[in-house]
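Remember, predicted model here, so these are calculated numbers, not experimental data. Chain letters run A, B, ... following the sequence lines, proteins first and then strands; every chain starts at 1.
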Number of protein chains: 2
Amino acid sequence: MGYTDTDWLAINTIRVLAADATAHANSGHPGAPIQQHGLHSSRGMAPMAHVLFNKFMKFNPKNPDWVNRDRFVLSNGHGCMLQYALLHLFGYAVSMDDIKAFRSIDSITAGHPESHDTPGVEVTTGPLGQGISNAVGLAIAEAQTAANFNKDDYKIIDNYTYCFLGDGCLMEGVSSEASSLAGHLQLGNLIAVWDDNHITIDGDTNCAFTEDVMKRYEAYGWQVLVVDDGDHDLEGMEKALREAQSVKDKPTLIKLKTTIGFGSLNQGTHSVHGAALKADDIKQLKSKFGFNPEESFAVPQEVYDLYHKHSAEGAAAEEEWNKLFADYGSKYKAEHDDLIRRIKRDLPEGWEKHLPVYTPKDAAIASRKLSETVLSKIEGVLPELIGGSADLTGSNLTRWKSANDFQPPSTGLGTYSGRYIRYGVREHAMGAIMNGIAAYGTLLPFGGTFLNFVSYAAGAVRLSALSQERLIWVATHDSIGLGEDGPTHQPIETLAHFRALPNIMVWRPADGNETSAAYYVALTSKHTPSIIALSRQNLPQLEGSTIEKAIKGGYVSHEVEGAQITLVSTGSEVCICIDAAKYLAEKHNIKARVVSIPCFEVFDTQSKEYRLSVLPDGIPSLSVEVMSTMGWERYTHEQFGLNRFGASGAYKDKFEFTPEGVSKRAVATINFWKDVPNIRSPINRAFQQII
Amino acid sequence: MGYTDTDWLAINTIRVLAADATAHANSGHPGAPIQQHGLHSSRGMAPMAHVLFNKFMKFNPKNPDWVNRDRFVLSNGHGCMLQYALLHLFGYAVSMDDIKAFRSIDSITAGHPESHDTPGVEVTTGPLGQGISNAVGLAIAEAQTAANFNKDDYKIIDNYTYCFLGDGCLMEGVSSEASSLAGHLQLGNLIAVWDDNHITIDGDTNCAFTEDVMKRYEAYGWQVLVVDDGDHDLEGMEKALREAQSVKDKPTLIKLKTTIGFGSLNQGTHSVHGAALKADDIKQLKSKFGFNPEESFAVPQEVYDLYHKHSAEGAAAEEEWNKLFADYGSKYKAEHDDLIRRIKRDLPEGWEKHLPVYTPKDAAIASRKLSETVLSKIEGVLPELIGGSADLTGSNLTRWKSANDFQPPSTGLGTYSGRYIRYGVREHAMGAIMNGIAAYGTLLPFGGTFLNFVSYAAGAVRLSALSQERLIWVATHDSIGLGEDGPTHQPIETLAHFRALPNIMVWRPADGNETSAAYYVALTSKHTPSIIALSRQNLPQLEGSTIEKAIKGGYVSHEVEGAQITLVSTGSEVCICIDAAKYLAEKHNIKARVVSIPCFEVFDTQSKEYRLSVLPDGIPSLSVEVMSTMGWERYTHEQFGLNRFGASGAYKDKFEFTPEGVSKRAVATINFWKDVPNIRSPINRAFQQII
Ligand SMILES: [Ca+2]
Ligand SMILES: [Ca+2]
């Protein structure tokens, strides 16, 4: 306690800096509502941010990767100038020039915070509801890591996760899902602060958001606290944060009542919102806060001094922690080395020898079952693996037999050291929580649902890709092959959707070796998430498959001299193509080669020479996949797929995904291309795409 | 009140029928967890369904389209055998043969209920959380239609919407969003019954779902009621439903405590769940319920009699309503005729004359602004239009100036007759609610958000398409052209995603006439939803565009004799291509024609002859669109796009989407294809896709 004028000077510096940067970014561009909303948020939350960062948070700006730092998540990411200002003032590698470059191309101060661009930003936010759900993931990761690494005499991991969020985040379903789970999991290490400014972009929250938020969070099992004067009452904020820390078995939501547009000429009125802060308003705001109205981007030295002092304390805390950890290492060498390895996102040497290998003599097995075998074989050597399912464990086969559930001990259902998370029917939260778990740095999350319902989590999946988090979706029941559950559960567009999303691998393995390959690449790709699409139905072990071939993303599964056509396929259709090749030989005297492309994105990274060896010039090609043909034109001349919804029931005959059906279309393809001289493989392109 | 043995016979008939149909569908196929979960649900909810359908619901099985019928939504759609059994027993066009065909190809009794397949099914459910959110839409539609059509002396519209839901639905974020809004909107006409059986697919709800649901719904502003014995207490159920009806300004959630696996050998134990009901268990269940254990699909005549009696009452009620409505028509002819027209989903004659038309002399305008003009011009002639935005009204420009908000009168912010819905930051609920509004039959919903956040609603969008509902997404800020908000807000994969989804139109108009065309086709397509992708930035009115051309989905925007290349584009890139054509002529002496394809799906329905006239043989083509190139290979030889995330800031120069950048790639395309004789347009295909 005991706040001085310097504290207020610092708070007002943040406010003025945010206004200057926004006005600067705005020059020549009228203020978009989101941007202005963000500016108001930045100003409104500055007092709380000051208290939190200076009195509570433990971090070292010189090493933003220190594992036991406190995490801060700005879920209302449009207020990112608040965060950029804090990072700058504390001495992170965010310069004043970076602040001036706010919202300009190739700056590290993007319009919303991006974790892979900006040191000190833990997760990428902006799309509402994601940040608070990421925060739940960060808190889960802390609890699990602490439970596994702490010893009676060594509290190696004990950080908190703090999160600021606005009304928009509270309205989004993903935050409801994540908050319900956080309450169930009794995450006492999670403290969220709600900027209750009674304003959304459309106007007063009375328009659409009149629920009793505090009661709802109590219903979830959270502690709820209120700070009535979020504009001035620094002591009250500190008290609330202490109270939040003191309750160990519940997450806390602090309702911070703030005045919209604080400091502006129109503060507290509705009109402040959405409109840009005008030049004269910025000037009076600076005057009001004791700044020179003619100066921009000014930071008083005593503010730097105050903040750098706390940063130095953080550096000292890390130094002390380093000693503690070294000492820990002398007693618990295995754990010590394991933690260091995990933070580097390295895998233990030789882990890949545990991946199962198959021969054609092995039985036909559903690829979801093959995935279960992979997980069961590798979980022992990869203790960072932490799995779960959105209430489809028995269908997704995501839980190895000996797994313990991650649960609060009081439930009697597991412990915090457990490695299996019962996400409930909450796909979107599962995606966002996995992003948070991955961002924490010590764990490697995977989560199961039906492929069709990965779409429920599209918002989170997109951010996995953008923020380059390593995690795995175990997406079973991957096609109309699931049968009787019908078109509501049968993906048609899903692979096209995620194949079109940059920096995510979509795998659809055809057999056991390809499933092992999918996991191999997914686990060793430190900056790319993966979706592994897996069948409900049994698939034979193929003659031509090996892990080595499949990790190239595409390869020749069945070669034949003098082939007249290439059949190209994925997953459960590869074996149909191989049968079709036999059928073509027997019934039509046609020679067909078969190619499997379990992962477009990985295949695309191979040399052109290799890709042309798989999809050669000179003969036509036909793709076969039981869903939308969209995207297959990039690899093949003709496409056999399903550009309509499926049906409830057994599918093969209805849609002709049989050796006969494929052969019919292969013959049509050969006929259609027979008069074209020097058929060019689609691998050949006039120019390179921007990637 | 006063339930007899016949009531219990009927209830047990439903239970036995559900078990028989599930066992029948199962033969040869091991029971999937979802299916078994559904069977248990069917059995558990049979008593409540019996009370609700017989004592409360008003419907006529001979006319499932009667506008004032009560609506029933099975949000836990995996329990659909309950619904199929009810439909059959009441005499809907669902025969015993249909029941026996449960979950088989081309049956009307799919694995989850599909509204376009099965008479009496109001909305398509199965994907969890959707049904209850659709129910909110149905209730909104009822309230709005009643407010606009009822007169003091004529209560034409006064139906209720009932919804059954399970734990899974309650865990999904979309239901949280919709339920919060329903509470805000004080929808007293909405009554939901929660099957509180304490079981999810993963096991006991204690695993992941320990929140206080009733408290949460109270926080949303719902009335909450409890029935302690959902297995036996028919009177209690009736009492709760009456109490629900009596509260007019709140939706009601009834918690119905049921026993999992009721009637089974293992009832009430966890083991009943997930495993199929064995043959001997079905037999003992039949014996226990007084049925012949050796007989299957048996319905006692007195059960048919009882249910048909209620159906006859429903038919009589409709008859009476028809008289009332005819009488109403004599006093309020305009309203009468308007309602009849709306129910047929016809638009008023000549409405399309209100669509704005532009010439190249008109100013450059952002297409989101052009969309606002369309809405403003047509709202007067299309009173069924009911719009909204997920808290981005000022950015989406979805609200015409004179619009009134749809709000409970007590808020002072609008009335139930209003036509603008403040959805809050709830994209997924908006999508699901629009599905419900459209399904009601009297309204035509549209909703705005950024294109990037339509992805949050992917689960609902997919069901719009599958269930063939007419509705419109006004999806603004449609590309990296939005600039400073950065990659978290810039769609890359979104168009590919929804283009790959069957039965939905994705429009990306290039100017005013194309925007009018997009609305024209969207509004006149009775069974297809639309997404209209609109720019933030200004776009010029193009020389070659007319509504007539654009409604074909693709057309020649700029023709030139002896063209050496076709530039193919959409939206904000069409004008860049037109400038590129000029640039190519001036700097490279190259003749380029330009094609605009604002909607793939509509273009695909044109004759091959027409499509070949737009994308002819003989010259190469290059597509230009500032997002994923996926799917463009279907129309063009080469593609210029963005297969990576965007950047925060002005984009054009960075990614070369300029006349120069396009020209560079056009030259490369021409060079690459110059040695290929008889270049074949990609419109030519070896065989037709299954559509
Ligand atoms: Ca707010
Ligand atoms: Ca349940």
Problem - Option in A/Leu463, A/Leu466, A/Asn206 with maximal non-hydrogen atom pairs under 4.5 Å from chain B - result: A/Leu466
Exercise for the section: For the residue pair B/Ser180 and B/Arg426, confirm or rule out a side-chain donor-acceptor distance under 3.5 Å. Expected result: yes
Practice task
Go through A/Asp106 and B/Lys654 one step at a time and tell me if the salt bridge (charged side-chain N to carboxylate O under 4.0 Å, His left out) criterion holds.
Solution key: CA-CA 9 Å; A/Asp106 295 333; B/Lys654 182 170 174 78; 2.8 Å; yes
Handout entry: Region of B/Tyr423 in contact with chain A, defined by heavy-atom distances below 4.5 Å
Key = backbone
Handout entry: For the student: nearest non-hydrogen atoms of A/Ile492 and A/Met627, plus distance
Key = O-CB, 3.3 Å
Exercise for the section: Output yes when a side-chain donor or acceptor of B/Asp391 lies under 3.5 Å from a complementary backbone atom of A/Ile201, and no otherwise. Expected result: yes
Completion exercise
Cut-off 4.5 Å, heavy atoms of chain A, and the answer for B/Leu128 is both
Practice task
Would you please indicate yes or no on a ring centroid separation below 6.0 angstrom for A/His477 and A/His489?
Solution key: no
Fill in the blank from the handout: Among B/Ala390, B/Cys80, B/Ala208, the residue with the most heavy-atom pairs under 4.5 Å to chain A is B/Ala208
Handout entry: Between A/Gly459, A/Gly631, A/Ser628, A/Cys207, the one whose heavy-atom pairs under 4.5 Å with chain B are most numerous
Key = A/Cys207
Handout entry: Proximity breakdown for B/Tyr220 and chain A, heavy-atom pairs closer than 4.5 Å
Key = both
Completion exercise
Most heavy-atom pairs under 4.5 Å with chain B, out of A/Thr488, A/Leu185, A/Asp212, belong to A/Thr488
Exercise for the section: Could you tell me whether a side-chain N or O of B/Asp485 sits under 3.5 Å from a main-chain N or O of A/Gly111, the two making a donor and an acceptor? Expected result: no
Practice task
Please look at B/Trp673 and chain A and tell me whether the side chain, the backbone, both or neither of the residue comes under 4.5 angstrom of a heavy atom of that chain.
Solution key: both
Completion exercise
Most heavy-atom pairs under 4.5 Å with chain B, out of A/Met214, A/Lys215, A/His637, belong to A/Lys215
Fill in the blank from the handout: Counting heavy-atom pairs under 4.5 angstrom with chain A, the leader among B/Gln407, B/Glu638, B/Arg634 is B/Arg634
Exercise for the section: Find the one option among B/Val461, B/Thr669, B/Asn452 whose heavy-atom pairs under 4.5 Å with chain A are most numerous. Expected result: B/Asn452
Handout entry: B/Leu170, part contacting chain A, at a heavy-atom distance under 4.5 Å
Key = neither
Fill in the blank from the handout: Turns out that what part of B/Asn684 lies under 4.5 Å from chain A's heavy atoms comes down to both
Exercise for the section: Carefully, step by step, assess A/Asp202 and B/Thr393 under the rule side-chain hydrogen bond (donor to acceptor under 3.5 Å, both in side chains). Expected result: CA-CA 6 Å; A/Asp202 261 20; B/Thr393 298; 2.6 Å; yes
Practice task
Against chain B, label A/Ala465 side chain, backbone, both or neither, depending on which of its atoms sit under 4.5 Å from a heavy atom there.
Solution key: both
Handout entry: Toward chain B, the part of A/Leu495 with a non-hydrogen atom under 4.5 Å
Key = neither
Exercise for the section: Could you tell me which of B/His428, B/Arg422, B/Lys664 has the largest number of non-hydrogen atom pairs under 4.5 Å with chain A? Expected result: B/Arg422
Exercise for the section: Using non-hydrogen atoms and a 4.5 Å limit, figure out which bit of A/Leu413 sits close to chain B: side chain, backbone, both or neither. Expected result: side chain
Handout entry: A/Phe645 versus chain B, the contacting section by heavy-atom distance below 4.5 Å
Key = both
Problem - Shortest non-hydrogen separation from A/Gly129 to A/Cys169 and the atoms involved - result: N-SG, 3.5 Å
Exercise for the section: Return the minimal non-hydrogen interatomic distance between B/Tyr217 and B/Ser179, and the atom names on each side. Expected result: OH-OG, 2.8 Å
Exercise for the section: Please check if the distance between the ring centroids of A/Phe672 and B/Phe687 is under 6.0 Å. Expected result: no
Practice task
Could you tell me which portion of B/Thr629 (side chain, backbone, both or neither) has an atom closer than 4.5 angstrom to a non-hydrogen atom of chain A?
Solution key: both
Handout entry: Region of A/Leu622 that comes under 4.5 Å of a non-hydrogen atom in chain B
Key = side chain
Practice task
Among A/Glu172, A/Glu177, A/Glu427, single out the residue with the greatest number of heavy-atom pairs under 4.5 Å to chain B.
Solution key: A/Glu172
Problem - A/Arg216 and A/Glu211 ion-paired at < 4.0 Å - result: yes
Exercise for the section: Indicate whether the side chain of B/Asp604 and that of B/Tyr635 have a donor and an acceptor atom separated by less than 3.5 Å. Expected result: yes
Exercise for the section: Measure up the A/Phe657 and A/Phe640 rings against each other and bin them: parallel (under 30°), tilted (30 to 60°), perpendicular (over 60°). Expected result: parallel
Problem - From CA spacing to verdict: side chain to side chain contact (heavy atoms under 4.5 Å, CB included), A/His78, A/His112 - result: CA-CA 6 Å; A/His78 48 268; A/His112 292 88; 3.7 Å; yes
Exercise for the section: Give, as side chain, backbone, both or neither, the part of B/Ala101 having an atom under 4.5 angstrom from any heavy atom of chain A. Expected result: neither
Handout entry: Minimal non-hydrogen separation, B/Ala668 against A/Ala686, with atom names
Key = O-CB, 3.7 Å
Handout entry: Part of B/Val676 within contact of chain A (heavy atom distance under 4.5 Å)
Key = side chain
Completion exercise
Ranked by heavy-atom pairs below 4.5 Å to chain B, first place among A/Pro127, A/Gly126, A/Ser389, A/Ala110 goes to A/Pro127
Practice task
Select one option (side chain, backbone, both, neither) describing which atoms of B/Glu114 are under 4.5 Å from chain A's heavy atoms.
Solution key: side chain
Exercise for the section: Under 4.5 Å heavy-atom distance to chain A, tell me which part of B/Thr411 shows up: side chain, backbone, both or neither. Expected result: neither
Handout entry: Modelled atom types, side-chain donor and acceptor of A/Glu633 and A/Thr636, under 3.5 Å
Key = no
Exercise for the section: Find the one option among B/Glu218, B/Arg462, B/Arg399, B/Arg665 whose heavy-atom pairs under 4.5 Å with chain A are most numerous. Expected result: B/Arg462
Fill in the blank from the handout: Pair count under 4.5 Å, heavy atoms only, with chain A: among B/Ser455, B/Gly173, B/Pro502, B/Ala460, highest is B/Pro502
